[in-house]
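The structure under discussion appears below in the form of structure tokens.
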Amino acid sequence: MTGIELYDTLTGEVRPLATREPGKVALYACGPTVYDHPHLGHARSALTYDVLRRYLEWRGLDVRHVANITDIDDNIINRARDEGRTESEVAVEWEDVYIDAMARLDVLDPHDRPRATEWVAEMVDFVTRIMAAGAAYTTGTGVYLRVGSVPRYGDLVHRGLDDLRASAGARVEVDEDKEDPLDFALWKAAKPDEPSWPSPWGPGRPGWHIECVAMSLGILGDDFDIHGGGNDLVFPHHTNERAEALAVGRSFARHWVHNAMLNIEGTKMSKSLGNYRTVVEMLDEHPLNGRAFRLLVLQTHYRKTMEVNPELMASARTAVQRLDALARRAKAAGADHDQGTGRRDEAAAGAFRTAMDNDIGTPEAVAVIFDTLHRANAALDGSAEDAPTLVATVVELAGALGVAVDAAEHGAGDGDAVIVGLVSKRQAAREAKDWSAADGLRDELAAMGVVVEDTPAGPIWRRA
RNA sequence: GCGCCGGUGCCCGAGCGGACCAAGGGAACGGCCUGCAAAGCCGUAAAGCCGCGGGUUCAAAUCCCGCCCGGCGCUCCA
């Protein structure tokens, strides 16, 4: 028992996270198929599991975080064909873009980042076992899972087989060779000009969902703790992953976690609506956007659709600056020296923990952080004894959610000497009570994008 | 149509039966601080009968029923 409660999609309720091994958490989060720019939805999803992982670690649990990269599928093949390149070239390019974008969002690298193409042998082996179990059959186009043979197939989506059948084929035409419209390909027979791997059923490539089963069970083992992903993956992706594992009698995820989608300007983000936003684009717009977007994600519960628009990004940036401002003035006041020594405000840490233990209540946790920030500022105003502890608590709790607090006055470094010179020149003018000279210098700095703040301990500055 | 998740102040967004909490962030306004600012502090608002209509209860934003609206899913999408 971890004391942490998490919503489980399978049972449809918040329930205690009871891990397979005490003190350890095996987490598998579905990663992207790499053939295009990662968008804000990918970022929200990655952030959700990064925060979950960081919090579990903050609680002292030993987490093994696996996030896959799907580097072979129809989209990649189509893109490669369109661009006259190999599938591998396309996949490598977009995987690099993805990983770089995640790093800029301060998403920790997962402990394992398996690629589908590196696990084909395991997938073939898995399909072989499903065949042996009598839960699959071959047709001219590949190997199919017999969905009807899997007990409680629709449990994850909370729908019965007949109900699912009734809407099957609503969007995609049904393959007549299949025994049941719900059956899906475990292995696809090779078509001309497509990459393929040898198999007992002839050359082909992995079918649907099989890569995640092979990799999650292969790396984390049976009965691993948490399987996560966007809630659009509940069906068919996760439902079918689960079916594949169940077909060979293996116990799959103990807990299913799904994050909600994201809207832009009130409507869903989609390419056709023209409101499709990429992570790189968002990050390039403002140096604070990485942290601001994370804060925005944290301010909405992970199971609720979140809103993103320029105004909200701006307000999140302002909030991030308040965090930095606290650190800066604490540093100027010499009140930050005990950071990392373990001293913290236990009332705040306790409230934070209570919020997070309750199904990862990040909005409330963020509220605790800002309440503490408020107390820290007040303590700093009155030079109260506990100011350093409160400041350290803010930094620690924000850090537990992956929000870095930056006390540095210096930006990139370029031009710092000039800025420092102007700041001290202005201070000299102020001491001489030459206000017009001082204000002129402040305007000059402002034109350079630098804001000066006068504190009892002397002037400090930051980039706007 | 079916399943899941939602509809709370100017915007975003907590709360899930009862306590001076209807949190927290942003925006606005007044005051303090400041040479003036910035940062910070204090306070305020006709700001919301918590989507609409019923019901359960001593007590509901919180539970139940119906309706309206939004999002996602219903074969490869976070």
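The sequence lines fix the lettering, A, B, ..., with proteins before strands; numbering per chain opens at 1.
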- Note on the structure: The contact string for nucleotides 6-21 of chain B, one letter per nucleotide 5' to 3', using protein heavy atoms under 4.0 Å with B, S and - for base, sugar-phosphate only and none, comes out as SS----SSSS------
- Sugar-phosphate or base contact per nucleotide [nucleotides 29-40 of chain B; S, B, -; heavy atom under 4.0 Å]: ------BBBBSS
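A 6.0 Å sphere centred on CG of D193(A) holds no more than 12 heavy atoms belonging to other residues, nucleotides or ligands. More than 12 heavy atoms of other residues, nucleotides or ligands lie within 6.0 Å of NZ in K188(A), so this atom counts as buried by the packing criterion. No more than 12 heavy-atom neighbours from other residues, nucleotides or ligands sit within 6.0 angstrom of CZ on R353(A).
The ring pair (Phe, Tyr, Trp, His ring centres under 6.0 Å) with H39(A) is formed by just one residue from the set W94(A), Y276(A), Y98(A); it is Y276(A).
Proximity note for D232(A) (side chain, C-beta onward) versus rG73(B), rC76(B), rG25(B): the nearest is rG73(B). Across rG26(B), rC4(B), rC74(B), the shortest atom-to-atom separation from the side chain of S315(A) is found for rG26(B). Of all nucleotides listed (rC4(B), rA78(B), rA23(B)), rA78(B) comes nearest to the side chain of H42(A). Of the candidate nucleotides rG26(B), rC2(B), rC74(B), rG26(B) has the atom nearest to the side chain of T318(A). Considering only the side chain of A319(A), rG26(B) comes nearest among rC76(B), rG26(B), rA78(B).
Looking at heavy-atom distances under 4.0 Å, D74(A) makes contact with a base. Here L295(A) lies out of heavy-atom contact (under 4.0 Å) with every strand. When heavy atoms are screened at a 4.0 angstrom cut-off, Y7(A) is found touching the sugar-phosphate backbone but no base atom. Within the 4.0 angstrom heavy-atom criterion, only backbone atoms of the sugar-phosphate kind lie near G230(A); the bases stay farther away.
Atom CE of M261(A) and atom P of rC4(B) are 17 Å apart (whole Å). Spacing between atom NE2 of H237(A) and atom P of rC76(B) amounts to 12 Å, rounded to whole angstrom units. In this entry the distance linking CG of N78(A) with P of rC76(B) reads 13 Å, nearest Å. Taking atom CG on D155(A) and atom P on rC74(B), their separation rounds to 19 Å, with Å as the unit. Between the CZ atom of F235(A) and the P atom of rC2(B) there is a distance of 18 Å, given to the nearest Å.
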- Would R205(A) and D74(A) satisfy salt bridge (charged side-chain N to carboxylate O under 4.0 Å, His left out), going step by step from the backbone distance to the final call? CA-CA 10 Å; R205(A) 60 189 169 91; D74(A) 289 355; 2.7 Å; yes
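For W208(A) and G31(A), each mapped to the nucleotide of RNA chain B holding its nearest heavy atom, the one lying further toward the 5' end belongs to W208(A).
Between Y28(A) and H227(A), the angle of the ring planes lies from 30° to 60°, which puts this pair in the tilted group.
Remark: R426(A) pairs with D454(A) by the side chain to side chain donor-acceptor pair (under 3.5 Å) rule, at least two apart or across chains. Every residue two or more places apart in sequence or in another chain was checked for a side chain to side chain donor-acceptor pair (under 3.5 Å) with R81(A), and none qualifies. Scanning for salt bridge (charged side-chain N to carboxylate O under 4.0 Å, His left out) contacts around D345(A) gives R375(A), with sequence neighbours left out.
Cation-pi contact between R159(A) and F235(A): absent, since separation from the ring centre below 6.0 Å together with deviation from the ring axis within 45° is not met.
Taking a pair as Watson-Crick or G-U wobble with both distances under 3.5 Å, RNA chain B forms stems of 3 or more consecutive pairs at B:1-7 with B:68-74, B:10-12 with B:24-26, B:28-32 with B:40-44, B:51-55 with B:63-67.
Comparing rC41(B) with rC4(B), their P atoms sit 45 Å apart, to the nearest whole Å.
In this structure the side chain of P236(A) never reaches within 4.5 angstrom of the side chain of W208(A), judged on heavy atoms.
Not a single donor-acceptor pair, N or O on each side, falls under 3.5 Å between the base of rA78(B) and the side chain of H258(A).
There is a side-chain donor-acceptor pair under 3.5 Å between Y49(A) and N259(A).
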